[in-house]
Amino acid sequence: MTPDVAAVMASAGTHVPAVSADTYAQILQFYARHMQLLDAGEAEEWAKGFTEDGVFAQNVKPEPWKGRSHIATSMRRGVDRLAGRNVQRRHWFSMVVAVPDSTEAGDEEAVRTQYYAVVFETPHGGKASVYLSTTGEDVLVRRSGRWLIKHRDINHDGS
Amino acid sequence: MTPDVAAVMASAGTHVPAVSADTYAQILQFYARHMQLLDAGEAEEWAKGFTEDGVFAQNVKPEPWKGRSHIATSMRRGVDRLAGRNVQRRHWFSMVVAVPDSTEAGDEEAVRTQYYAVVFETPHGGKASVYLSTTGEDVLVRRSGRWLIKHRDINHDGS
Amino acid sequence: MTPDVAAVMASAGTHVPAVSADTYAQILQFYARHMQLLDAGEAEEWAKGFTEDGVFAQNVKPEPWKGRSHIATSMRRGVDRLAGRNVQRRHWFSMVVAVPDSTEAGDEEAVRTQYYAVVFETPHGGKASVYLSTTGEDVLVRRSGRWLIKHRDINHDGS
């Protein structure tokens, strides 16, 4: 467990600040809608779920993707590669912990999340299986009434 | 992505109307309780989660099941077939997006959902695995304080 | 379906008392944080999610673990065994139904939950898979603003 993770999760014996039920429901639905876009192959629409200066880091990539435009282009390549393989992927996010993020000051509301994600994969005419398992940590900000990803850090299990 | 899906998901850049946190929590629990009934083999109780004129369509079936009574009878056959195979199935619904449904007018509250579902399967004495992966779209209506499925459309991945 | 399960799930045709959206969001996040601790190998911190006199029963164990201290010691052994195998497990809880528990009287708030859980497993350098599937039933109590497990009953599928 990284120090950062430890700080957010806090001790089970300590009171943990929480987001409201409204915010929690919004975030679960933001994740659902956002990943439904990706699994539908809508890489550019999916990239709009990041801030203009958003960062998408993964432990299986040498460098983070920085900026919405770069994120869109990079994911478009991934989506197109997958299209040639005729498999349907489904990204599931769950086990979401969301806490107010006081380090992201300024006027906007920010939330830090920690979650699990798995990807299921079904080949055309074939059987579904688990493709991979990860943990994730996001910094989300609310702008004009909707949530955007300012920073995402994905750690693939087994790497 | 079908036009219908696109309309509900809307662009990631557009404000999306949302149900309340109360309604969202109710729907998650309705799905949980409803599928717990099915996995317990209670086909008739499960069918009561549909309206009297409810419709259950699946892309792997030539015709939708229409009406609670027909849905109950059809699912009873599936449950009984499964009982002979000595496996335990678990239906998981997640990644649920819920939006108020203004097309279902009248006096009752209606919600349109989009979600992912997987079925896990464990044979007696054997190992759990993913049985299948689907997407789903429901029209739910609230009657006498509880949610019922008016229309369900399930699309199995890989079909 | 045991009579106990039947009582909590109630008929799909009957109004079911529900916890508030706030409580539901708290419980989902309690489960997320709690199992993130376990999967990080923090057995002692994880055990603090039980009451001092908490009980952890599983159908695959001859006897329930009784008391936070015994639960911590027993889980520590499991975590250490797993560490030698170089696999990462991820416990997912979902399909959670939560109802107020009126049988747990006294001054404290109590909730009874029913849920599904799966464990995903990824070996170092290997591929993720489903390790097992279970159902669970908890009695949770709220003390000093946070939820604790007073009684947990886990039933592994296929046993």
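Predicted model, so just to flag it, every value in this text is computed and none were measured. Letters go in sequence order (proteins before strands), and every chain restarts at 1.
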Original post:
Roughly how far, to the nearest 0.5 Å, is the OH atom of A:Y115 from the CD atom of C:Q36?
Top reply: 11.0 Å

Original post:
Do you know which of A:T135, A:D157, A:N155 makes side chain to side chain contact (heavy atoms under 4.5 Å, CB included) with C:Q88?
Top reply: A:D157

Original post:
Rounded to the nearest 0.5 Å, what separation is found between the CZ atom of C:R89 and the OG atom of A:S133?
Top reply: 12.5 Å

Original post:
Roughly how far, to the nearest 0.5 Å, is OH of C:Y31 from OG of A:S94?
Top reply: 13.0 Å

**OP:** Check the surroundings of atom NZ in C:K127: do more than 12 heavy atoms from other residues, nucleotides or ligands lie under 6.0 Å from it?
**Re:** yes

Original post:
When only pairs under 4.5 Å are counted, which of C:H91, C:E121, C:R90 shares the most heavy-atom pairs with chain A?
Top reply: C:R90

**OP:** Sort C:F120 into side chain, backbone, both or neither according to what part of it lies under 4.5 angstrom from a heavy atom of chain A.
**Re:** side chain

**OP:** Could you please state which residues from residues 19-26 of chain C sit under 4.5 angstrom from chain A, measuring non-hydrogen atom to non-hydrogen atom, sorted by number, or 'none'?
**Re:** C:A21, C:D22, C:A25

**OP:** Nearest 0.5 Å please: distance from the CE atom of A:M95 over to the CD atom of C:Q29.
**Re:** 11.0 Å

**OP:** Provide the closest heavy-atom pair for A:Y116 versus C:M35 in the form atom of the first, atom of the second, distance.
**Re:** OH-O, 3.6 Å

Subject >> Between A:L132, A:V96, A:V119, the one whose heavy-atom pairs under 4.5 Å with chain C are most numerous >> reply: A:V96

